[in-house]
Amino acid sequence: MVTEKENLDVFVWRGLAETGRFERYEVPAQDSQTILDVVSWIQQNLDATLAYRFACRVGMCGSCAMMVNGEPRWTCRTHVRKVLRGNQLKIAPLRNLPVIRDLATDMDPFFDKWVAAEGHHHPTRTRDDAIEALDPQSPERRAANAGIECINCAVCYAACDTVANNPDFLGPAALQRAWTVHNDARDGDQPAILEAVSGKGGCHNCHSQGSCAQYCPNDLNPMTAIAGLKRASVKSFFKRER
Amino acid sequence: MLDARLYMLQRITALIMAPLALGHIAVMIYAIQGGLSAAEILSRTQGSLFWFAFYGLFVLAVSVHGAIGLRVIIYETFGMRALLLNGLSWIIGAIFLLTGMRAVLAVTLS
């Protein structure tokens, strides 16, 4: 049984990045209410023109990330009760990305950097070859496994101060993906990956502040992955020099 | 704005600086046991190729290391364009090198 509760004081970013502003909405508090529930309630009951993005509602698709009270969160799995300040919520579009409108950001720069970091599979076999046996306990496989649960939500990208200050920086998610592929025994072009992450926006720009690991909703650690890329690039530097 | 080449340069110069800084501190502690005077320091360093090489290498490493470090800070703070940033970094490195070598020469030339 839902008991009568007071309303939440919700401030939602409306409009564009430069000309927009926070607007106040009153939303009835519910048990087990998530931030996405709050945003959807506003869109369904108060203002149908509110732009925001979601898909799965269960923390798998990585579509619904927003800034909640100044911190990046996956809104479908963030309970209001955990992040409420006083009785207030401040919901804004993800940091470090261009705003399309309201809570919807343009994710293109984020995904373009995934491509730029060479974080895709470089095949070594054809469909006619036998399936390659992998040792799940090998150090390389463990390092690869550590990053494969990334859902591309861009929470780490929004949390990263290096991205904020250095627009060229590929960012935690793309670099973690590159490290994952680099450690995959089935991948055939590790030099291309190291080359891609060694440019002016590459892994060497990371200051190891750790906001990516702090905010990752899946408890991944892109900072460790980036440190791995740095080590691998140093090794390859000395090999080439000899 | 830190590619692999600059990153390696900064790490290698750090590796050079660390033992030199420790050596400097160790000699300092050892040398002041009998009191500290300019004459005593200069008697050790003037005309010494070793101390010229020791501090000359340190100044060289500092110039490269510091210029790269400040380059990152300047870029991330002011978002300067590459050409301007590179020019400024070279100037900063040159200032470190010139002032540092001036000091090294002042105590090692006999």
Side-chain angles (χ1 to χ4, degrees), chain A residues 95-96 98 109 113 116-118 157 159-172 174-175 178-179 182 190-212 223 225-242, chain B residues 1-25 53-54 56-97 100:
Chain A
R95 182 176 172 237
N96 294 338
K113 286 177 178 180
E118 201 70 25
Y157 192 82
C160 178
D161 285 343
T162 309
V163 172
N165 296 324
N166 179 354
D168 295 325
F169 183 46
L170 294 170
L175 289 169
W179 179 237
H182 187 271
Q190 277 136 346
I193 298 168
L194 286 185
E195 179 78 31
V197 301
S198 295
K200 64 175 183 171
C203 63
H204 305 96
N205 290 279
C206 169
H207 294 301
S208 307
Q209 288 174 312
S211 298
C212 50
M223 184 176 66
I226 294 172
L229 283 175
K230 286 179 181 172
R231 274 198 309 278
S233 80
V234 168
K235 271 186 203 160
S236 102
F237 175 86
F238 282 117
K239 272 186 200 158
R240 255 180 275 165
E241 290 295 295
R242 268 178 215 148
Chain B
M1 249 351 207
L2 198 60
D3 59 16
R5 190 178 55 98
L6 288 178
Y7 176 87
M8 285 309 299
L9 259 179
Q10 204 183 23
R11 264 57 188 179
I12 289 169
T13 49
L15 285 176
I16 294 171
M17 279 155 58
L20 292 176
L22 289 176
H24 170 75
I25 292 168
F54 186 97
L57 183 64
F58 185 74
V59 164
L60 191 66
V62 166
S63 307
V64 173
H65 188 90
I68 296 172
L70 283 173
R71 185 178 186 275
V72 171
I73 294 170
I74 291 167
Y75 177 69
E76 291 193 7
T77 310
F78 303 108
M80 212 172 260
R81 283 165 179 229
L83 199 67
L84 198 61
L85 186 66
N86 285 337
L88 193 62
S89 307
W90 277 106
I91 290 169
I92 290 169
I95 291 172
F96 286 160
L97 190 65

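Just so we're on the same page: letters track the sequence lines, and every chain starts at 1. Given the structure is predicted, the values throughout are model-derived calculations rather than measurements.
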- [ ] Carefully, step by step, assess B:Y75 and A:N205 under the rule side-chain hydrogen bond (donor to acceptor under 3.5 Å, both in side chains).
- [x] CA-CA 11 Å; B:Y75 177 69; A:N205 290 279; over 6 Å; no

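For the pair B:E76/A:T162, a side-chain contact is recorded, criterion being any heavy-atom separation below 4.5 Å from C-beta on.
With a 6.0 Å radius and a threshold of 12 heavy atoms from other residues, nucleotides or ligands, A:Q190 has its CD atom above the threshold. In the displayed structure, B:L83 atom CG is contacted under 6.0 Å by at most 12 heavy atoms of other residues, nucleotides or ligands.
Interatomic distance, A:C203 SG to B:Y7 OH, rounded to the nearest 0.5 Å: 7.5 Å. A distance of 3.5 Å separates CE in B:M8 from CZ in A:F238, rounded to the nearest 0.5 Å.
Between B:D3 and A:H204, the shortest heavy-atom distance links the atoms C-ND1, 4.2 Å.
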